[in-house]
*Asks:* 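Dropping the structure in here first, questions after.
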Amino acid sequence: MTGPAEQPALPSTTEDTASVPGWVEKSVNDIFAALPGQGAPLNALRDAYLDCLAGAGRGEDIDAEHDSCRQALLDQVTERKLLDTATTQALTQRLEALEADITANL
């Protein structure tokens, strides 16, 4: 006979796993879909950015945490030369606006 103690503990959608609201994920996907340089490198950075946002706390430092997430993403975009300067600046503005919306909706 098997019981809960013998089953592996797997997180489910109802458990405390870091996630972002569905509208945030959709917004991030829309922002990245509008970029000219689609592909695996940008998809990986998008996913890492979403994971970072999901891990951001809900305290008074959330803006600083969002800034850190965005800066890590932009550093990689710049270092890998995935987007031109104008596109990177536009991406920065769209992400800042999204992060402000996240903070406003907490």
Side-chain angles (χ1 to χ4, degrees):
M1 182 169 205
T2 60
E6 296 173 20
Q7 297 296 321
L10 299 174
S12 72
T13 56
T14 59
E15 292 186 25
D16 292 333
T17 58
S19 65
V20 293
W23 69 268
V24 173
E25 186 169 353
K26 181 187 180 323
S27 295
V28 170
N29 287 337
D30 290 348
I31 290 168
F32 276 79
L35 296 174
Q38 292 300 303
L42 279 176
N43 291 343
L45 292 177
R46 177 202 60 216
D47 293 346
Y49 176 71
L50 280 168
D51 287 346
C52 186
L53 290 181
R58 300 291 184 246
E60 58 191 57
D61 289 340
I62 192 165
D63 290 329
E65 290 182 46
H66 286 168
D67 289 345
S68 178
C69 294
R70 184 180 62 259
Q71 195 56 55
L73 167 72
L74 296 171
D75 287 347
Q76 287 296 307
V77 166
T78 302
E79 182 179 306
R80 297 180 190 185
K81 299 178 182 172
L82 298 174
L83 301 170
D84 62 39
T85 302
T87 304
T88 301
Q89 289 173 343
L91 174 62
T92 301
Q93 292 171 348
R94 292 191 73 191
L95 295 176
E96 287 173 343
L98 171 67
E99 292 161 10
D101 286 346
I102 294 169
T103 301
N105 284 293
L106 289 180

*Asks:* So which atom in A56 and which in E65 form the shortest heavy-atom distance, rounded to 0.1 Å?
*Replies:* CA-OE1, 2.9 Å
*Asks:* First locate atom CG of L35, then atom OG1 of T87, and finally report the distance between them rounded to the nearest 0.5 Å.
*Replies:* 7.5 Å
*Asks:* Can L45 and L82 be said to form a side-chain contact (heavy atoms from CB on, under 4.5 Å), step by step?
*Replies:* CA-CA 11 Å; L45 292 177; L82 298 174; 3.5 Å; yes
*Asks:* If you round to the nearest 0.5 Å, how far is CD1 of I62 from CG of L53?
*Replies:* 8.5 Å
*Asks:* Would you check if L42 and L83 make a side-chain contact, meaning some heavy-atom pair closer than 4.5 Å?
*Replies:* yes
*Asks:* Which side chain to side chain donor-acceptor pair (under 3.5 Å) pairs, counting each pair once, include a residue from residues 93-106, with sequence neighbours left out?
*Replies:* Y49-E99, D63-T103, R70-E99
*Asks:* What residue pairs, at least two apart or across chains, pass salt bridge (charged side-chain N to carboxylate O under 4.0 Å, His left out) with a residue in residues 24-43?
*Replies:* K26-D30
*Asks:* Does any N or O in the side chain of T92 come within less than 3.5 Å of the main-chain N or O of T88, such that one atom is a donor and the other an acceptor?
*Replies:* yes
*Asks:* Do the side chain of D61 and the main chain of A64 share a donor and acceptor less than 3.5 angstrom apart?
*Replies:* no
